[in-house]
Amino acid sequence: MKLLERFLPRTVQVSRSFARGEQFYEQRKFADALRVWKISADAGNTEALYRIGLLYARGEGVLRSVADAASWYEKAAQRGHPGAQLQLGLIYLSGSDVIPPWLASWLSSAKARDPNGSESILNTLLPTGTGIKKDEELARHWIGAAAQSGDPLALAVMGDIHRHGRGGPADYEQAHDYYTRAAAANIAMAQFGLGDLYFQGLGRPVDHATAADWYEKAAENNDARAQFAIGHLCLTGQGREADAARAGHWFTRAAERGDARAYHQAGLMHLSGNGLPLDPDKAETYFRRAAKKGFIPACVQLAEIYSQGKGIAPDLREAANWYREAAERGDVQSQFVLGRLYATGQGVAPNLRLAASWFSRAAENGHATAAYNLATFYAKGDGVPRDLDQALTWYKAAADKGFVLAQLQLGRIYSAGSGVPRDTARALDWLEKASTSGHADARIALAMTYLQNDAATRNPTRAVELLESCARDGQAIAALRLAELYDGTVEGLPLDQERASRHYLEAANAENTEAQYKLALRLLAGQFIPRNPSDAVTWLTRAAERSHLGAQFRLAVLYCQGQDVPADLKQGIAWYRRAAEGGHVVSQYNLAVMLLKGQGCEPDPAAAMGWFEKAAQQNMVEAQIKLVEAYAASPDAIVKEDEARLWYEEASKTPVGSKRLAHLAHLFATSSHPESSKVVDVDRAMASAPQREIAATGDEEGRQSHFRSGGIETGL
C-alpha cells in the first residue's frame with residue numbers, strides 16, 4: 001500500500017499525510033503528529049504549518065516555546081491562513097518571554113557551572129529563542145489580516161485594538177464596526193465591547209439601556225466580565241430596573257467562572273443578606289477566593305470581618321495577615337492600618353520599627369494620618385532615629401493635606417521654638433488654618449500664641465475672643481485659661497477677679513482638675529470670693545481623686561494639721577502617699593518624716609529612708625540632709641557611708657545645705673553625738689515644708705515638649 005502511495009498525485013500524498021497527523025493527534029500521539037505534519041508542511045500544506053505552531057504553543061510533543069510557535073504561525077500567516085494570522089497577532093499584542101519552570105531552574109544552575117555551555121545547550125533546545133517582544137503595530141497588522149478574511153474572533157479583537165488605541169490611534173467608530181460584525185456571529189467578547197461603548201459613551205451618547213442589552217447577550221454567552229457588568233447595572237438600576245436578586249444571580253454566575261470582582265461582590269451580598277441569602281461563611285469563602293487572586297478590596301474585606309467579627313469569630317492575627325496582604329499589594333489605607341497594628345500590638349507583636357516602616361510607605365503614598373504618625377515617630381525617636389528635620393518634613397506633608405493635628409503641631413512647634421527658630425508669624429499661620437475646622441485645641445493654642453510677647457503679632461483682644469468662644473462650646477481648658485487671664489497672669493489685660501472666679505467655677509464643673517484646685521485655694525483663703533472651707537475640701541477631693549498632685553498634697557496638710565477638717569493623720573498620710581507616688585517632692589519628704597516617727601502609721605524607718613532618697617534625687621536639700629543625719633545616727637543600719645557622703649556633697653552645693661551641714665561635719669567621726677539622734681519633727685515639717693509646695697500646674701502644654709504628639713491616630 002505504501003508503495004502504491006508513491007504513485008499518487010503529490011497533493012493527494014500531502015493530504016493523506018496531514019490526515020494521518022490528525023489521527024495521531026486525536027490518539028494523543030503528539031510526536032508522531034509532529035513528524036507527519038512536518039512532511040506535509042515541507043510539501044506546502046498551510047494547515048500543517050498552523051498545526052505545528054499550535055503544538056509548540058501548547059507544549060504537545062515538544063518543549064513549549066512561544067517563539068517556535070510564532071515561527072510556524074508566521075509561515076502559515078504569510079500564506080494567508082486566518083487562524084495563524086490571529087494567533088501570531090495575539091502573541092505580538094502581549095509579547096511573551098515564558099520559559100518553562102523546569103527549564104528556568106535548570107538554566108539557573110547550569111549558568112552557575114558553565115555560562116557559555118548553558119547558552120549553547122539552550123540554543124540547541126530552543127533555536128528560535130525563549131520569547132517574542134511585544135509589538136502592537138505588528139499585532140494590528142496580522143490580526144487585521146485575519147479580520148479581513150471575516151474571522152469573527154479576529155473582528156472582535158480588532159474592535160478592542162481600535163477601542164484602546166493599541167498599535168495606532170483609538171477609533172471608536174472603527175471599534176463599533178468591528179464589534180458589530182463580530183457580535184452578529186455571537187462572539188461574546190464583541191457583545192461585551194459594544195456594551196462598554198454605550199455604557200461609557202465612547203464615540204456615541206451614553207445609553208445604559210442599550211449597554212445593558214449587549215452586556216446581557218454577552219453574559220448569556222458566559223462572558224464573566226459581562227455577567228459582572230449586568231449584575232452591577234441590576235444592582236444600581238442603570239439601564240435595568242434595580243433588582244438585587246437579579247444582580248446576585250449574575251454575580252454568582254461570574255464568580256463561578258472565577259471573576260475576582262464577582263467573588264467580592266457576591267461575598268458582600270451574602271454578608272449583608274441583600275440579593276443573596278445571608279451566609280457569612282459563604283461570604284468569607286468568596287472573599288478568600290477573590291483575595292487569593294490578588295483582588296485588594298477582598299483582602300481588605302477579609303481583614304475587616306476578622307477584626308470586627310462580622311458574622312464570624314474575631315481573629316486579630318488573621319485580620320493582620322490580610323491587612324499585610326493588601327498593604328504589600330499597594331493599598332495605602334492598609335499600609336497605614338498595618339503600621340497602627342504594629343504600633344499598638346494588635347494581632348501582631350508590637351514592633352515600632354515595622355510600624356514606622358509601614359507608616360512611611362503609606363505616607364509616601366500620600367496618606368495624611370500616616371505622615372503625621374511618622375512625624376511623631378521621628379520627633380520621639382520611636383522605631384527610627386530621632387530626627388527633628390524629618391519630623392517637620394512629615395508634619396508639613398500632613399498639614400499641607402489639611403490634616404488638622406499636623407497643622408496644630410506645626411503651630412505649637414514654631415510658637416515655642418522647639419527644635420526650630422521661634423517664628424510666631426508662621427505659628428499663627430498654621431494655627432489659623434487648623435482653627436478653621438473648629439478644632440478646639442487649635443483655637444486655644446491660637447489664642448495663647450496671640451498672647452505671646454511679640455509686638456508684631458500680639459493681640460490679647462483676639463485671644464480673649466477665641467477663648468470665650470471655646471468656653472461657650474464647653475471647653476474646660478479655655479475656661480481655665482480665661483480665669484488665669486482675668487486673674488492677672490498676662491500683662492496688658494485688666495484684672496477682673498469676678499470673671500476669674502466665674503471661669504474657675506465653670507472649668508471646675510467641667511472636671512478640669514487644675515480649675516478645681518485653684519478654686520479650692522480661693523475658697524480656703526476667702527480670696528475674691530466668700531471663704532467656704534467645706535466647698536474647698538469638696539473641690540480638693542474631686543481634683544485629688546483624679547490624681548492632681550497639688551490637691552492631694554493640700555488635703556494631706558489639712559488632715560494632718562486639722563485645718564478646716566477634723567485632724568486625721570491616717571487620712572493625711574494616705575494623701576501624702578498618693579502625691580508622693582505621683583512624684584510630688586514635698587509629699588515624699590513629709591511622708592518619710594511620718595513613716596520615721598510612726599505618725600498615722602506604724603514606724604517604718606526603711607520605707608522612710610526610701611522616700612527621703614526619692615526626694616533627695618529631686619534635689620530637695622532637706623531630704624539630702626536627712627540621709628546624712630540617718631547615716632550619722634546609725635552608720636551600719638540604714639544608709640551606707642558612701643551614699644551618705646554622696647548626699648553630703650549634693651547638699652553642700654547650696655548655701656542653705658552648706659550652713660546646715662557645717663556643724664554636722666564632725667558627726668562622721670562619731671555616732672554618739674546627741675545631734676545624730678534627731679529627726680525633723682513632723683509638726684515642724686508640716687509647718688515649714690508646705691511653704692515649699694510644688695503644685696502641679698495642670699498645664700499639659702507647658703510641661704510637655706511641643707514635639708510630643710499624644711499618641712497614635714486611628715485614621716480617617
Counting N and O atoms only, with roles assigned by atom type, does the side chain of [X] sit under 3.5 Å from a partner on the main chain of [Y], one being a donor and the other an acceptor?
X    : Y    : answer
S65  : Y56  : no
Q238 : L233 : no
R166 : D160 : no
T180 : H176 : yes
Q407 : W430 : no
T376 : Y372 : yes
R204 : L197 : no
S334 : G330 : no
R64  : A57  : yes
S357 : R353 : no

Can you tell me how far apart [atom1] ([X]) and [atom2] ([Y]) are? Round to the nearest 0.5 Å.
X    : Y    : atom1 : atom2 : result
L138 : I132 : CG    : CD1   : 9.5 Å
I161 : L93  : CD1   : CG    : 5.0 Å
T252 : M269 : OG1   : CE    : 8.0 Å
L54  : E47  : CG    : CD    : 8.0 Å
L271 : L276 : CG    : CG    : 11.5 Å
W358 : N351 : CH2   : CG    : 12.5 Å

Is there a side-chain contact between [X] and [Y], using heavy atoms and a 4.5 Å cut-off?
X    : Y    : result
Y323 : S307 : yes
L88  : Q85  : no
Q227 : D259 : no
V348 : R324 : yes
E22  : Y25  : no
R253 : H249 : yes
Q200 : L202 : yes
L55  : W37  : yes

Discussion item. Pairing donors with acceptors under 3.5 angstrom, does anything connect the side chains of Y286 and Q265?
Written reply: no
Worksheet item: Can you tell me if D223 and Q191 form a side-chain donor-acceptor pair at under 3.5 Å?
Response: no
What I want to find out is whether [X] reaches [Y] closely enough, with some N-O distance under 4.0 Å, to be called a salt bridge.
X    : Y    : result
R140 : E136 : no
K217 : D213 : no
R163 : D196 : yes
R181 : D177 : yes

Practice prompt. Decide ring pair (Phe, Tyr, Trp, His ring centres under 6.0 Å) for F30 and F24; before the verdict, give the C-alpha distance in whole Å, the side-chain angles of both, and the deciding distance to 0.1 Å.
Written response: CA-CA 7 Å; F30 301 128; F24 285 135; over 10 Å; no
Worksheet item: Angle class for the F336/F359 ring planes (parallel below 30°, perpendicular above 60°, tilted otherwise)?
Response: tilted
Practice prompt. Test F287 against Y263 for ring pair (Phe, Tyr, Trp, His ring centres under 6.0 Å), laying out the working first.
Written response: CA-CA 6 Å; F287 290 143; Y263 277 135; over 10 Å; no
Using every non-hydrogen atom in the two residues, find where [X] and [Y] come nearest and quote the distance to one decimal.
X    : Y    : value
Y306 : A313 : CD2-O, 4.1 Å
Y92  : K133 : CD2-O, 3.7 Å
P152 : A182 : O-CB, 3.4 Å
A183 : L194 : CB-CD1, 3.8 Å
A156 : I187 : CB-CG2, 3.8 Å
R240 : A209 : NH1-O, 3.9 Å

Item to complete: Walk me through it: do E137 and H141 pass the test side-chain contact (heavy atoms from CB on, under 4.5 Å)?
Response: CA-CA 6 Å; E137 289 187 22; H141 165 75; over 6 Å; no
Discussion item. Working note: Y179 + H162, criterion side-chain contact (heavy atoms from CB on, under 4.5 Å); need CA distance, chi angles, decisive distance, verdict.
Written reply: CA-CA 10 Å; Y179 280 147; H162 281 284; over 6 Å; no
Practice prompt. Please say which of Y73, W142, Y50 ends up in a ring pair (Phe, Tyr, Trp, His ring centres under 6.0 Å) with H81.
Written response: Y50
Practice prompt. Kindly determine whether F251 and L235 satisfy side-chain contact (heavy atoms from CB on, under 4.5 Å), including the steps that lead there.
Written response: CA-CA 10 Å; F251 288 140; L235 187 65; 4.1 Å; yes
Worksheet item: Is R261 positioned over the aromatic face of F295, cation under 6.0 angstrom from the ring centre and no more than 45 degrees off axis?
Response: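 No, R261 and F295 do not form such a contact.
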Practice prompt. Let me see the working for F199 and H208 under ring pair (Phe, Tyr, Trp, His ring centres under 6.0 Å), right down to the final yes or no.
Written response: CA-CA 5 Å; F199 184 79; H208 289 160; 4.8 Å; yes
Practice prompt. Sort out for me which residue in R28, K29, R35 forms a salt bridge (charged side-chain N to carboxylate O under 4.0 Å, His left out) with D32.
Written response: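 When R28, K29, R35 are each tested with D32, the salt bridge (charged side-chain N to carboxylate O under 4.0 Å, His left out) holds only for R35.
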Worksheet entry | Q27 atom CD, neighbour heavy-atom count above 12 within 6.0 Å |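 Atom CD in Q27 is packed in, count exceeds 12.
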Worksheet item: Stepwise, does the side-chain contact (heavy atoms from CB on, under 4.5 Å) test hold for K38 with W72?
Response: CA-CA 10 Å; K38 278 189 174 181; W72 288 101; 4.1 Å; yes
